[in-house]
Amino acid sequence: MMEHFQFAQPEWLYVLPFILCLLILRRRRGAEGSITYPTVRFIAPLARTPHSLAGKIGAVCFVLAAAAIAIALARPQKVEDKSFRTVNGIDIMIAFDLSYSMDTPDMVLNRMPINRLVAAKHVITQFVDSRPDDRIGIVGFAGKTKSFCP
């Protein structure tokens, strides 16, 4: 199975150079920010000039946010090439007892005592692994039935 990466609407990526141009034009023009709150008066002179650290951080944050939005609008996708094959299989439903009697530790696996539930899970796992072309479902019951895996 091959995987590759693509954009669903790549025309949104043409916005990225314009966003970079906005950053360059902002640096040349020397636009001022307006901070009117009296509690941050000591920061206001720094934020008004794009040559200061505060001015650069604001512009960089704007460019990164705008670029992230443009990339998100382009809808990046991971595409998997699927191959189909025709197989002959059967549908199998496994009835699995989940009652308290399955907690009885009267089975042995690899010389270790285990309960019936663990032994049944082990046998079902081996069975399912040996049937790659069949559709297998599991129904559990303990008084009432519940479909676990169709």
Colleague: Side chains of V79 and F5, heavy atoms from C-beta outward: is any pair under 4.5 Å?
Modeller: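 Side-chain contact under 4.5 Å: no.
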Colleague: Does any part of the side chain of R85, heavy atoms only, come nearer than 4.5 Å to the side chain of D133, both counted from C-beta?
Modeller: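 Yes - at least one pair of side-chain heavy atoms lies under 4.5 Å apart.
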Colleague: Can you measure from CD (Q77) to CD (Q9) and round to the nearest 0.5 angstrom?
Modeller: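 Reported to 0.5 Å precision, the distance equals 9.0 Å.
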Colleague: In terms of hydrophobic clustering (I, L, V, M, F, W, Y; side-chain heavy atoms under 4.5 Å; direct or indirect links), are I114 and F127 co-clustered?
Modeller: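 No, I114 and F127 fall in different hydrophobic clusters.
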Colleague: How long is the span from the NE2 atom in H4 to the CD atom in E80, to the nearest 0.5 Å?
Modeller: 10.5 Å
Colleague: Are V139 and I94 packed together at the side-chain level, in the sense that at least one heavy-atom pair is separated by less than 4.5 angstrom?
Modeller: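 A side-chain contact under 4.5 Å is absent here.
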Colleague: To the nearest 0.5 Å, how far apart are CD in Q126 and CZ in R131?
Modeller: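 Atom-to-atom, Q126:CD and R131:CZ are 14.0 Å apart.
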Colleague: Say you draw a straight line from CG of N115 to NZ of K121; how long is it, rounded to the nearest 0.5 Å?
Modeller: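 Between N115 CG and K121 NZ, I get 8.0 Å after rounding to 0.5 Å.
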Colleague: Can you tell me how far CD1 of I138 sits from CD1 of I92, rounded to the nearest 0.5 angstrom?
Modeller: 11.5 Å
Colleague: Evaluate side-chain contact (heavy atoms from CB on, under 4.5 Å) for I71 paired with L13, printing each intermediate quantity in order.
Modeller: CA-CA 6 Å; I71 291 171; L13 297 177; 4.2 Å; yes
Colleague: Could I get the full list of side-chain hydrogen bond (donor to acceptor under 3.5 Å, both in side chains) partners for D129, not counting sequence neighbours?
Modeller: none
Colleague: Does some side-chain heavy atom of F96 sit less than 4.5 Å from a side-chain heavy atom of I124?
Modeller: yes
Colleague: Crowded around Y100 OH? As in, over 12 foreign heavy atoms under 6.0 Å?
Modeller: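 No, OH of Y100 has 12 or fewer neighbouring heavy atoms, counting only those of other groups under 6.0 Å.
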Colleague: Are M102 and L109 linked, directly or through intermediate hydrophobic residues, by side-chain heavy-atom contacts shorter than 4.5 Å (ILVMFWY only)?
Modeller: no
Colleague: Mind checking the CG-CZ spacing from L98 to F141? Nearest 0.5 Å is all I need.
Modeller: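 The CZ atom of F141 is 7.5 Å from CG of L98, to the nearest 0.5 Å.
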Colleague: Please check: side-chain N/O of D134 versus main-chain N/O of I90, any donor-acceptor pairing under 3.5 Å?
Modeller: yes
Colleague: Looking only at side chains, do D106 and T104 share a donor and an acceptor under 3.5 Å apart?
Modeller: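 The criterion, which ignores hydrogens and geometry beyond distance, is not satisfied for T104 and D106.
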Colleague: Does CZ belonging to F7 count more than 12 external heavy atoms closer than 6.0 Å?
Modeller: yes
Colleague: For I19 and A70, work out which heavy atoms get closest and say how close.
Modeller: CD1-CB, 4.5 Å
Colleague: V123 and M107: same hydrophobic cluster, using ILVMFWY side-chain contacts below 4.5 Å?
Modeller: no
